[in-house]
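One structure, pasted below without further comment.
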Amino acid sequence: MVSPATLTKPATLTKPAAIAAPSTPARLLASLHAAILDWYAVAARPLPWRDPDTTAWGVFVSEVMAQQTPVARVEPVWREWLQRWPTPAHLAAAAPGEAVRAWGRLGYPRRALRLHEAAQVITERHGGQVPAEPEELRALPGVGEYTAAAVACFAFGVAVPVVDTNVRRVLVRLLDGAEYAAPSLTRAERDLAAAALPRDAGDAAVWNVAVMELGALICTARSPRCGECPVQDSCRWLGAGRPAYQGPARRGQAWEGTDRQARGALLQVLRDAPGAVDEAQLAQAWPSEAQRQRCLDALVSEGLVEPLANARFALPGTQLE
DNA sequence: TACTCGTGGGC
DNA sequence: TGCCCAAGAGT
């Protein structure tokens with residue numbers, strides 16, 4: 001394989017690399033592979049979607065649910081979904097509002113809607129089978145670069161780099177010596193992840209999930225357990241004395257009084273009601289009228305809420321007679 | 001690119 | 001205790 005560092009581009013298109021991709025010697029890379037794969041073999045959590053019997057659909061659902069949501073919270077909801085909708089066709093046949101309701105409190109409920117849309121596309125255009133190629137997966141609603149790679153790799157064994165927030169943090173600490181990765185995924189990080197991928201396809205699939213697991217359990221964002229890390233002796237960040245992050249300041253997510261809080265309150269009312277709700281019930285959940293109207297309009301236009309007659313509302317396709 | 005989009009647990 | 005952040009995607 002050609003080292004990314006040897007690829008040449010016109011100077012005008014070359015951006016400064018957030019990560020100075022070190023041309024990691026093959027010998028060091030091999031020892032990192034062995035240490036992390038060995039660690040994963042004994043430390044991996046028994047997540048149900050890692051079971052060899054789990055279908056590609058099960059993997060797909062788990063990856064969408066885990067977007068920005070801790071996996072510990074995903075597990076019980078995932079079990080309910082797979083029992084209720086064991087194939088894409090089962091979900092596609094359900095009302096979209098039922099997907100939103102069954103999403104529960106995982107957050108970002110538009111993911112439930114997109115998962116429902118993806119199930120319809122898979123059913124109608126892919127013969128009910130989750131596609132195996134990253135490019136086909138990427139075309140499905142709610143599937144971005146990460147999820148496409150994750151499903152291709154974990155469900156079908158396709159040897160592509162899988163780069164999530166855990167992988168980014170592990171690689172930047174281990175190989176670049178920084179505490180945190182840049183705010184957004186850079187070209188240099190993609191190159192680094194590709195260069196770090198084991199050549200053996202079988203090892204590559206396990207490597208991806210193993211690095212993710214290392215980031216989730218050991219190389220955590222807040223309080224990394226460096227003393228338990230299988231590659232602590234090779235870590236540039238630890239070796240440098242764990243220097244503090246020097247990049248652009250991360251802005252916190254405002255919450256109190258935001259539209260996100262309002263939308264969450266409104267949708268909770270609709271999730272918890274068996275059928276339609278009226279204006280008064282929504283007003284009780286969010287008294288500010290202007291903001292309530294704005295958020296309700298947005299929820300309707302996004303397809304998360306269905307307006308009914310007489311100023312009543314319901315989850316889409318779920319209103320009772 | 002920068003911003004929006006939920007929710008809850010750990011430190 | 002409040003703040004940070006979690007297997008990102010869409011615009």
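So that the names make sense, note that chain A is the first sequence line, chain B the second, and so on, each numbered from 1. Computed from a predicted structure; not experimentally measured.
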Worksheet item: Atom CD of A/Glu302 and atom P of C/dA9: how far apart are they, to the nearest Å?
Response: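 In whole Å, C/dA9 P and A/Glu302 CD are 18 Å from each other.
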Discussion item. Considering every strand and a 4.0 Å limit on heavy-atom distances, what is the contact class for A/Leu266: base, sugar-phosphate, or nothing?
Written reply: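 Touches nothing.
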Item to complete: Grab the CH2-P distance between A/Trp255 and B/dC5 for me, whole Å please.
Response: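 Result: 10 Å.
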Discussion item. At 4.0 Å (heavy atoms only), tell me whether A/Ala221 reaches a base, stays on the sugar-phosphate, or touches nothing.
Written reply: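 Sugar-phosphate only.
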Worksheet item: Under the 3.5 Å rule, do the base of B/dC11 and the side chain of A/Arg222 count as making a donor-acceptor pair?
Response: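 By the distance-only test, no, there is no pair.
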Item to complete: Under 4.0 Å between any heavy atoms, over every strand shown, what does A/Leu267 touch: base, sugar-phosphate, or nothing? Just pick one.
Response: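 No contact.
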Worksheet item: Expressed as a whole number of Å, how far does the P atom of C/dA9 sit from that of B/dG8?
Response: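 Pairwise P distance, C/dA9 against B/dG8, rounds to 22 Å.
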Worksheet entry | First of A/Leu106 and A/Ser184 reached from the 5' end of DNA chain B, by closest nucleotide |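 Result of the comparison: A/Ser184.
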Practice prompt. Mind checking A/Pro109 for me? I need base, sugar-phosphate or nothing, with any heavy atom below 4.0 Å counting as a touch.
Written response: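 Sugar-phosphate: the residue A/Pro109, judged by heavy atoms under 4.0 Å, touches backbone atoms but no base.
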Worksheet item: For A/Arg105 and B/dG9, what is the distance between atoms CZ and P respectively, to the nearest whole Å?
Response: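 Distance, rounded to whole Å: 10 Å.
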Worksheet item: Can you tell me how far C1' in B/dC5 sits from the matching atom in C/dA6, rounded to whole Å?
Response: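 Looking at atom C1' only, B/dC5 and C/dA6 are 14 Å apart.
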Worksheet item: Between C/dG8 atom C1' and A/Arg110 atom CZ, what is the distance in whole Å?
Response: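 In whole Å, C/dG8 C1' and A/Arg110 CZ are 12 Å from each other.
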Worksheet item: With nearest nucleotides of DNA chain B determined for A/Arg225 and A/Arg263 from heavy-atom distances, which residue corresponds to the more 5′ nucleotide?
Response: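 Final value for this comparison: A/Arg263.
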Discussion item. Distance check needed: C/dG10 C1' versus A/Tyr108 OH, whole Å only.
Written reply: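 After rounding, the gap between these two atoms is 12 Å.
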Worksheet entry | Distance in angstrom units between A/Arg260 CZ and B/dC5 C1', rounded |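 Whole-Å distance recorded here is 5 Å.
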Practice prompt. Check every atom of C/dA7, B/dG6, B/dC11 against the side chain of A/Asp164 and return the nucleotide holding the closest atom.
Written response: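 Looking only at heavy atoms from C-beta outward on A/Asp164, the closest nucleotide is C/dA7.
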Item to complete: Could you tell me whether the side chain of A/Tyr40 and the main chain of A/Val211 form a donor-acceptor pair under 3.5 Å?
Response: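 The answer is no, because no donor-acceptor pair under 3.5 Å joins these two groups.
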Discussion item. Of the listed nucleotides (B/dG6, B/dG8, C/dA7), which one gets closest to any side-chain atom of A/Asn166?
Written reply: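 So the nucleotide nearest the side chain must be C/dA7.
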Practice prompt. Measure distances between side-chain N and O atoms of A/Arg73 and base N and O atoms of B/dT7, and say whether any donor-acceptor pair falls under 3.5 Å.
Written response: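 Present.
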Worksheet item: What is the nucleic acid contact for A/Gln253, judged by heavy atoms within less than 4.0 Å: base, sugar-phosphate only, or nothing?
Response: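 If one applies the 4.0 Å heavy-atom cut-off, A/Gln253 turns out to touch a base.
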Worksheet item: To the nearest Å, how far apart are A/Glu75 CD and C/dA7 C1'?
Response: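 Computing the A/Glu75:CD to C/dA7:C1' distance gives 14 Å.
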Worksheet item: Looking across every strand, which nucleic acid part, if any, lies under 4.0 Å from A/Val64 by heavy atom: base, sugar-phosphate, or nothing?
Response: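 If one applies the 4.0 Å heavy-atom cut-off, A/Val64 turns out to touch nothing in the nucleic acid.
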Worksheet item: For the rings on A/Trp85 and A/Trp57, is their centre-to-centre separation under 6.0 Å?
Response: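 Centroid separation for A/Trp85 and A/Trp57: 6.0 Å or greater.
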Discussion item. Using a 4.0 Å heavy-atom cut-off, does A/Thr258 contact any base of the nucleic acid, only the sugar-phosphate backbone, or nothing at all?
Written reply: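 A/Thr258: no heavy atom of the nucleic acid under 4.0 Å.
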Item to complete: Answer yes when A/Glu189 and A/Arg168 have at least one side-chain N-carboxylate O distance shorter than 4.0 Å, and no when they do not.
Response: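 Salt bridge present between A/Glu189 and A/Arg168.
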Item to complete: Find which nucleotide of DNA chain C each of A/Pro70 and A/Arg114 is nearest to by heavy atoms, and output the residue with the more 5' nucleotide.
Response: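 On the 5' side of the pair lies A/Pro70.
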Worksheet item: Between C/dA7 and B/dC3, how far is it from one P atom to the other, in whole Å?
Response: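 To the nearest whole Å, 24 Å.
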Item to complete: Starting from C1' on C/dG10, measure out to CZ on A/Arg138 and report it in whole angstrom.
Response: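 After rounding, the reported distance stands at 9 Å.
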Worksheet entry | A/Arg110 with A/Glu117: basic N within carboxylate O range, under 4.0 Å |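 No, no charged N to carboxylate O under 4.0 Å.
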Fill in: Any donor-acceptor pair under 3.5 Å from A/Arg169 side chain to A/Gly215 backbone
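Looks like yes, one N/O pair under 3.5 Å.
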Discussion item. What contact category does A/Trp49 fall into here, base, sugar-phosphate, or nothing, at under 4.0 angstrom with non-hydrogen atoms?
Written reply: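 It contacts base atoms.
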Fill in: Exam field: side chain A/Thr54 to backbone A/Pro48, donor-acceptor pair closer than 3.5 Å
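Yes: the side chain of A/Thr54 pairs with the backbone of A/Pro48.
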Item to complete: Describe the nucleic acid contact of A/Gly107 in one word from base, sugar-phosphate, nothing, applying a heavy-atom distance below 4.0 Å.
Response: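 Since a base atom lies under 4.0 Å of A/Gly107, the category is base.
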Discussion item. Please confirm whether the shortest side-chain N or O distance from A/Thr147 to OP1 or OP2 of C/dG8 is below 4.0 Å.
Written reply: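 A/Thr147 to C/dG8 OP1/OP2: no side-chain N or O under 4.0 Å.
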Worksheet item: Are any of A/Arg169's side-chain N or O atoms less than 4.0 Å away from OP1 or OP2 of C/dA6?
Response: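 So the side-chain polar atoms of A/Arg169 do come within 4.0 Å of the phosphate oxygens OP1 or OP2 of C/dA6, strictly under.
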Worksheet item: For C/dG8, does OP1 or OP2 lie under 4.0 Å from any side-chain N or O of A/Thr69?
Response: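 No, no such contact exists.
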Worksheet item: According to a strict under-4.0 Å criterion, is A/Gln68 in side-chain N/O contact with OP1 or OP2 of C/dG8?
Response: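 A/Gln68 to C/dG8 OP1/OP2: side-chain N or O found under 4.0 Å.
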Discussion item. For A/Glu63 and A/Leu140, find the nucleotide of DNA chain C closest to each by heavy atoms; which residue's nucleotide sits nearer the 5' end?
Written reply: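 Here A/Glu63 is the residue nearer the 5' end.
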Worksheet item: Does the side chain of A/Arg50 get closer than 4.0 angstrom to OP1 or OP2 of C/dA7 through an N or O atom?
Response: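 For C/dA7, OP1/OP2 do not have a side-chain N/O of A/Arg50 under 4.0 Å.
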Fill in: Pair A/Glu279 + A/Arg312: basic N to acidic O under 4.0 Å
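No salt bridge links A/Glu279 with A/Arg312.
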